[in-house]
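Here the structure comes first, spelled out in structure tokens, and everything after it is commentary.
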2 protein chains.
Amino acid sequence: MKGRQVTIKDIAAELGISASTVSRALKDHPDISVETKKAVNELAAKLNYKPNVLALSLRQSKSKIIGVIIPELIHHFFSSVISGIDDLAYANGYSVMIAQSNESFEREVNETQVMLSSRVAGVLVSVSKKTKDFAHFQMLEDNGIPVVFFDRVSKEMKMDKVVVDDFDGAYKAVDYLIKTGCKRIAHYGTSMHLLIGKNRHNGYLHALFKNNIPIDDSLIFKCDDYDEAWYLTEKLVKSGNMPDGIFAVNDITAIGALQAAKHMGLRVPEDISIVGFTNGRISTMSDPPLTTIEQHGYEMGQIAVRILLNRLEKDEEEHEPETRVIKTDLIVRDSTKKIS
Amino acid sequence: MKGRQVTIKDIAAELGISASTVSRALKDHPDISVETKKAVNELAAKLNYKPNVLALSLRQSKSKIIGVIIPELIHHFFSSVISGIDDLAYANGYSVMIAQSNESFEREVNETQVMLSSRVAGVLVSVSKKTKDFAHFQMLEDNGIPVVFFDRVSKEMKMDKVVVDDFDGAYKAVDYLIKTGCKRIAHYGTSMHLLIGKNRHNGYLHALFKNNIPIDDSLIFKCDDYDEAWYLTEKLVKSGNMPDGIFAVNDITAIGALQAAKHMGLRVPEDISIVGFTNGRISTMSDPPLTTIEQHGYEMGQIAVRILLNRLEKDEEEHEPETRVIKTDLIVRDSTKKIS
DNA sequence: GTGAATTTCGCAAACGTTTGCGATGACGTT
DNA sequence: AACGTCATCGCAAACGTTTGCGAAATTCAC
């Protein structure tokens, strides 16, 4: 059963014609007679011929593969982005090669080498938390491989990006907290060297400012996962310096805070309101279900692919980098009070 | 900036030697003098030379790409499997090409064609719910591309498989419910034409049998998602025919039941105990956190890769299909009572 | 100094495909 | 009869790499 795969030459030999004729016949070239075309197509179907894309790619020195580099596959947000990428890529005849950096800079660099080696058509990437040097991506561009960044981006890169409007999303979240009566709102945020962290932070600040609420630095924390949120929230309750609202940088963190608060005897949302960010599957599963910000990951993936494809078919010499911003939506559930 | 990529010929030309010498120098062939090797390696580093794997794969008619076909990327379980696949593949110098069938049979067939066209080294697949005909996978094998199935498999396929011990997992879950005092245990199950559904169902039955509890058909339901579980549980409570334990086929379903039960005024686990299956991220986020069965998705991915790689390096003519069964673990949380 | 052994390298073919160009033959036109 | 015009097809090169084989050049032993 260990069969070689059938090639154009096999068809040519069986039919007693040349490989070039078979090639042309298969793509309906006008130079080929109808009978020959018919014979070729029939035999090709019978032998279950599939073109060898390796040879094809080698010939025209470009492949139909889109590379994707992400920090971690298991995050719901990233898998929804990839889902969007895969669907649109598939619809356009491209395949998707994935590589997770596992938040390791070395591995991320290594993956870019692999992408280069594989001569992918282009690369979509969300950088790892540790990445502060972007030379490896520039290297891809220098070798003619377009790069489009999504979600996790950096300001200094002058390349195509598609990001979520984190500032506005954070603003909406905090503004809603205020509108529902919260006066002392904490922010559980992530590292500031990622734009995403900075922008959400600024959105938070802006909402306070717009509503004439003074900024209280003692309510702003670096805290971006479940366990940290548990610990921090527990400590806050014990300290007696409890806020009446929390805006967390992601759903996991929000739920950590939510559960800790409940565990400490607080009622959500009566005693404290909590808002997350991402609208992952888990946000509907908590008790109460979490008010959060929808990031439209699937659409983000599709847009990234579209930008890449556009650039590939344009094939221009110089390219003006573009930044696409995706609007967020506030999803109101029961971890916040209603607007009265 | 739109640069061609550096090839072995470029190095050869610049150094005034032949391409074959460069090739041999790069892989430390003994035929090449130390000085030449040094010169080649230095220039290769300077020019940032990366071998073109397309050409390489074409030459030895086999690539270093592992294809993966799955129903849906966004399921936590599948993304953890892929994570395991990717990590081990990466460690062995392979890349991973993914393709989601979106539970569509046509697309699944199509993806196998793409895999064949891409001349991948092997394919790992979890079949779609709609797949009842496996000819397209046999076609891959006939063309010399090994296939390893995981999780969603079918009995009649005589190929390599790696599955979770669903029967035993279900048994453990239900047995635990019984040991903690439940007498009337419902099963929210999935379609029986997937082995996974049948095995979990049988595990449920076996646990009842072993504990001398009569089987009550009115407690067995086809119900495998969040909304269905909500609706069904609500109906059960209203009917007054409420069970005191539920074994659900997955976490999502379990949480749907859990929330509906709470919403109807029942206490979990005092009035009703609930066990899920998968141990996804969400199972820690519900209130109370869900008792469930750990499926070891990450390990499953790694094992699938290992089976594939073994087969690739063996390269034997005839191959005896192997089935690996992964043991599950019961994860006890607070949606069930304690053993007294 | 001769022959043999050894070191170091290049030639060319091959993987499967595409494509510019030229070749062949049939046919029609003068 | 001589020519041009088509329609149909094949040759060969190219993409980047590996590798068997042979060819130089050098070294060694006598």
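Given the structure is predicted, the values throughout are model-derived calculations rather than measurements. Per chain, numbering begins at 1; letters A, B, ... match sequence-line order.
- Using a 4.0 Å cut-off between charged side-chain N and carboxylate O, Arg306(B) and Glu313(B) make no salt bridge.
- Applying the ring pair (Phe, Tyr, Trp, His ring centres under 6.0 Å) rule to Phe149(A) yields the partners Phe137(A); only residues at least two apart in sequence or on another chain are considered.
- Between Val53(A) and Arg119(B), every side-chain heavy-atom pair lies at or beyond the 4.5 Å cut-off.
- Note that the first and last nucleotides of DNA chain C, 5' to 3', having any atom under 4.0 angstrom from a heavy atom of chain A are dC15(C) to dG20(C).
- Applying the side chain to side chain donor-acceptor pair (under 3.5 Å) test to every pair with at least one member in residues 59-68 of chain A, sequence neighbours left out, gives no pairs at all.
- Here ring pair (Phe, Tyr, Trp, His ring centres under 6.0 Å) pairs that include residues 98-123 of chain A, with residues two or more places apart or in two chains, are Phe105(A)-His136(A).
- As rounded to whole Å, 7 Å separates atom C1' of dC9(D) from atom CZ of Arg24(A).
- Every residue two or more places apart in sequence or in another chain was checked for a side-chain hydrogen bond (donor to acceptor under 3.5 Å, both in side chains) with Thr112(A), and none qualifies.
- Base engagement by Ser20(B) is indicated by at least one non-hydrogen atom pair under 4.0 Å involving a base atom.
- Nucleotides of DNA chain D nearest to Tyr49(B) and Glu35(A) differ in position, and the one nearer the 5' end is that of Glu35(A).
- In terms of phosphate contacts, Thr21(A) brings no side-chain nitrogen or oxygen within less than 4.0 Å of OP1 or OP2 of dC9(D).
- Residue Ser57(A) is out of contact with every strand shown, counting any heavy-atom pair closer than 4.0 Å.
- Partners of Arg107(B) by salt bridge (charged side-chain N to carboxylate O under 4.0 Å, His left out), not counting sequence neighbours, listed by chain and number: Asp86(A), Asp87(A), Glu111(B).
- Nearer the 5' end of DNA chain C, as judged by each residue's closest nucleotide, is the contact made by Lys37(B), out of Lys37(B) and Arg119(B).
- Judged as a side-chain hydrogen bond (donor to acceptor under 3.5 Å, both in side chains), and not counting sequence neighbours, Glu322(A) has no contacts.
- In this structure, the helix from dG1(C)-dC30(D) to dT30(C)-dA1(D) shows an angle of 70° between the axis at its start and the axis at its end, each fitted on 5 base pairs and rounded to 10°.
- Remark: Leu15(A) pairs with Ile11(A), Ile17(A), Ala39(A), Val40(A), Leu43(A) by the side chain to side chain contact (heavy atoms under 4.5 Å, CB included) rule, at least two apart or across chains.
- Nucleic acid contact for Asp31(A): base, since at least one base atom lies under 4.0 Å from a heavy atom of the residue.
- Using a cutoff of 4.0 Å between basic side-chain nitrogens and carboxylate oxygens, Glu42(A) and Lys38(A) are scored as salt-bridged.
- Residue Ile17(B) is classed as a sugar-phosphate contact, given heavy-atom separations below 4.0 Å to backbone atoms only.
- Ion pairing between a basic and an acidic side chain is recognised when a charged N comes within 4.0 Å of a carboxylate O; Arg24(A) and Asp31(A) show no such pairing.
- At a threshold of 4.0 Å, the pair Arg152(B)-Glu103(B) counts as salt-bridged, since one of the basic side-chain nitrogens sits closer than that to a carboxylate oxygen.
- Listed by chain and residue number, nothing satisfies the ring pair (Phe, Tyr, Trp, His ring centres under 6.0 Å) test with Tyr94(B) (two or more places apart in sequence, or in another chain).
- DNA chain C is contacted by both Val22(B) and Lys27(A); Val22(B) maps to the nucleotide lying nearer its 5′ end (nearest heavy atom per residue).
- No side-chain donor from either of Ser20(A) and Ser23(A) sits under 3.5 Å from a side-chain acceptor of the other.
- Taking every heavy atom of residues 7-16 of chain B and every atom of DNA chain D, pairs under 4.0 Å involve Thr7(B), Ile8(B), Lys9(B), by number.
- Near DNA chain D, meaning a heavy atom under 4.0 Å from it, residues 58-67 of chain A has Leu58(A), Arg59(A) in order of number.
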